[in-house]
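Before any comments, here is the structure.
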Amino acid sequence: MNLHLRRRQQHLVNNNNNEELVVTRKRISSRMMYTYCKYLAIAILFSGFLYSFLAIGIYLGEAISDKVLSDPSDETTGGPTYAIIHMGPHKTGSTTIQHASKKYIEQLRQDQYEMPWAVNREKFREKSTVSRQNQNQVNFATCFIPTDHERKKWPCDPDLLLSGLDIARRRKNLFVSAEAFDKIDLAGVDMLHSYLSQWDNVMIVISYRRFYSLLASIYNQLTKGRTLSHSHGSIIDFTIAHLKETNYQTLPSQHVSSLPNLLERVNTQFGMDNITIINYHMNDPVEAMFCQTIPNAVHTCNAITQLSHIAVANPSKDLTYDNLVYGAIEKGLISITTDHKLSEISLAARTYQENTLNLTSSDLSHICLPSDVANDLLLVSLDYERKMKKLFPRVLEGMNDLESDFRATLSKFCKVDIEKTLSDEGWRNLFQSLNTTNY
């Protein structure tokens with residue numbers, strides 16, 4: 001009996017030990033899992049770019065397995081397919097091209113070209129939450145761009161990648177235009193190359209604009225929407241600052257892309273034979289894209305060439321009168337409290353100069369680039385063009401001499417002489433009279 005009791009007690013002890021062992025193992029397992037998850041989360045945070053693509057891959061794989069995409073038996077091109085990726089860069093006519101792609105979307109479809117934003121809008125309207133539902137597919141481009149600034153401002157939208165796969169499965173041609181691509185790095189180029197492997201032919205389209213012309217346009221873009229709280233510096237200060245930053249390893253700043261460097265990165269996967277350059281100075285960007293660059297876009301080209309004039313999207317603005325108003329504010333000649341009133345006063349200044357005095361903004365006194373700065377800008381622009389000619393000599397044939405063109409456009413790098421202009425009694429009286437109004 002005692003032996004039986006001892007065996008029973010030992011059995012209970014063993015059971016208790018087993019239960020404690022199980023609990024202990026569970027605790028250890030939980031702690032290990034917690035530690036694993038903790039470090040996995042840290043790894044994900046520090047490799048967000050890679051994780052984004054992993055998530056996108058899983059997302060696309062599930063979508064394909066669930067047969068979200070169209071049946072590949074849909075009508076096809078009947079020949080080899082093309083993927084056309086227009087990478088801008090900024091201020092080379094990209095917005096005008098994108099507007100045209102939206103305006104002529106039906107003609108592009110007749111030519112068997114489709115765009116992810118259009119497919120996305122039609123098929124996944126309720127599902128997509130982050131994408132800009134328009135022709136600038138920046139949310140497509142940022143899926144291949146690692147910079148935090150771009151991805152935070154314009155998050156990658158996996159639905160656009162999914163829509164692109166839909167286009168590929170139906171054997172249609174792809175057209176994507178996004179100047180954000182000018183920030184793509186080597187890893188992004190590798191991923192873009194893999195993604196585009198679903199089409200028979202790939203063409204990367206990049207536009208060339210001379211450096212000095214590009215710099216002036218970018219300043220205008222950054223400045224034309226300024227407000228009372230963000231007046232920006234003058235174009236002279238802007239130019240000097242960018243020339244200090246300029247070198248062909250990192251050229252030249254957050255605002256201006258290095259086209260030679262972009263071409264070198266794209267060349268690593270696509271090769272120069274698959275890169276096409278549009279010369280901004282020689283061709284209308286819309287006709288150059290849809291009539292001279294994209295293969296077999298007959299219907300689209302016919303529709304475009306029937307127009308007598310193609311409107312330029314995102315045009316530049318004469319900043320002279322805004323600068324005068326800012327000067328008048330600094331001189332205490334006028335007090336303005338809202339951005340709307342700032343625009344009204346600027347319009348009043350334009351009306352005074354052009355209607356009352358029957359003059360133009362060019363007739364005002366200006367301060368231009370110092371000669372040494374102008375010479376530096378010319379040298380950088382010449383170096384920039386030499387690099388392009390080395391890569392694509394035929395594209396730049398027939399252009400006007402750069403130096404003579406540069407001299408003719410130097411006026412774009414001038415600012416209105418505030419001191420001299422506001423010393424004129426007529427201008428002082430104008431702003432003081434406007435100040436008595438409820439501004």
Side-chain angles (χ1 to χ4, degrees), residues 47-57 60 82-95 97-98 115-117 130-132 135-158 160-161 163-165 168 174-199 201-209 214 218 248-278 280 289 293 384 387-388 391-392:
S47 59
F49 186 46
L50 180 61
Y51 175 75
S52 295
F53 273 89
L54 178 62
I56 291 167
L60 295 179
Y82 292 86
I84 311 296
I85 304 296
H86 175 225
M87 293 188 170
H90 288 82
K91 303 310 298 177
T92 58
S94 302
T95 305
I97 289 171
Q98 290 154 10
M115 296 169 283
W117 71 267
V130 300
S131 176
R132 290 176 71 186
Q135 61 276 11
N136 178 353
Q137 279 303 270
V138 62
N139 299 100
F140 181 100
T142 53
C143 296
F144 304 92
I145 297 172
T147 56
D148 290 340
H149 174 73
E150 292 294 320
R151 289 173 67 92
K152 286 179 180 178
K153 188 175 182 182
W154 309 113
C156 164
D157 186 353
L160 291 173
L161 300 183
S163 296
L165 290 183
L174 174 76
F175 178 71
V176 172
S177 175
E179 53 269 49
F181 270 120
D182 66 7
K183 293 181 175 61
I184 195 168
D185 66 358
L186 288 173
V189 170
D190 290 345
M191 286 180 279
L192 181 62
H193 182 263
S194 297
Y195 181 85
L196 297 178
S197 63
Q198 300 158 95
W199 285 268
N201 301 286
V202 176
M203 180 187 293
I204 306 297
V205 182
I206 299 174
S207 298
Y208 170 68
R209 186 172 185 175
L214 182 65
I218 287 175
Y248 286 98
Q249 301 302 316
T250 58
L251 172 77
S253 75
Q254 61 178 332
H255 300 308
V256 186
S257 298
S258 168
L259 192 53
N261 286 352
L262 173 61
L263 287 169
E264 288 177 7
R265 296 194 300 272
V266 174
N267 179 49
T268 59
Q269 283 293 341
F270 294 98
M272 287 300 181
D273 290 341
N274 294 313
I275 301 174
T276 298
I277 301 296
I278 291 178
Y280 176 87
M289 176 63 76
T293 302
Y384 193 84
K387 290 179 180 290
M388 286 300 301
L391 295 170
F392 293 92

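The figures that follow rest on heavy atoms only: side chains count, while hydrogens, waters and symmetry mates do not. In this chain, residues are counted from 1 in sequence order.
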Contacts of type side-chain hydrogen bond (donor to acceptor under 3.5 Å, both in side chains), residue N267, not counting sequence neighbours: none
I206 and P89, any side-chain heavy atoms less than 4.5 Å apart: yes
Heavy-atom closest contact (F181 atom, L262 atom, distance): O-CD1, 4.0 Å
Between CD on residue Q269 and CE on residue M191, distance to nearest 0.5 Å: 11.0 Å
Rounded distance [0.5 Å steps], CH2 in W117 versus OG in S177: 12.0 Å
Ring pair (Phe, Tyr, Trp, His ring centres under 6.0 Å) against F175, all qualifying residues, sequence neighbours excluded: F290
Side chain to side chain contact (heavy atoms under 4.5 Å, CB included) involving N201 - partner list, sequence neighbours excluded: P80, Y82
Validation row: F392, L263 side chains within 4.5 angstrom (heavy atoms): yes
Over all atoms of both residues, closest heavy-atom pair of A180 and V138: CB-CG2, 3.7 Å
Partners meeting side chain to side chain contact (heavy atoms under 4.5 Å, CB included) with T268 (sequence neighbours left out): L186, V189
Atom pair CD1/CG of I184 and D190 - distance to nearest 0.5 Å: 9.0 Å
Donor-acceptor contact below 3.5 Å, side chain Q198 vs main chain Y195: yes
Side chain to side chain contact (heavy atoms under 4.5 Å, CB included) partners of S207, counting only residues at least two apart: H86, T92, I278
Flag for E179-Q98: side-chain donor and acceptor within less than 3.5 Å: yes
Side chain to side chain, K153 and T142, heavy atoms closer than 4.5 Å: no
Polar side-chain atom of R209 near backbone of H90 as donor-acceptor pair, under 3.5 Å: no
Worked verdict on I84 versus M203 for side chain to side chain contact (heavy atoms under 4.5 Å, CB included): CA-CA 5 Å; I84 311 296; M203 180 187 293; 3.7 Å; yes
Close side-chain approach of I204 and N274, heavy atoms under 4.5 Å: no
Flag side-chain contact, heavy atom, 4.5 Å: F140 against W154: no
Donor-acceptor under 3.5 Å (N139 side chain, P155 main chain): yes
Contacts of type side chain to side chain contact (heavy atoms under 4.5 Å, CB included), residue L196, not counting sequence neighbours: A83, I85, L174, L192, W199, V202, F270
Reported CG-to-CG distance for the pair D185 and N261, which is rounded to 0.5 angstrom: 12.5 Å
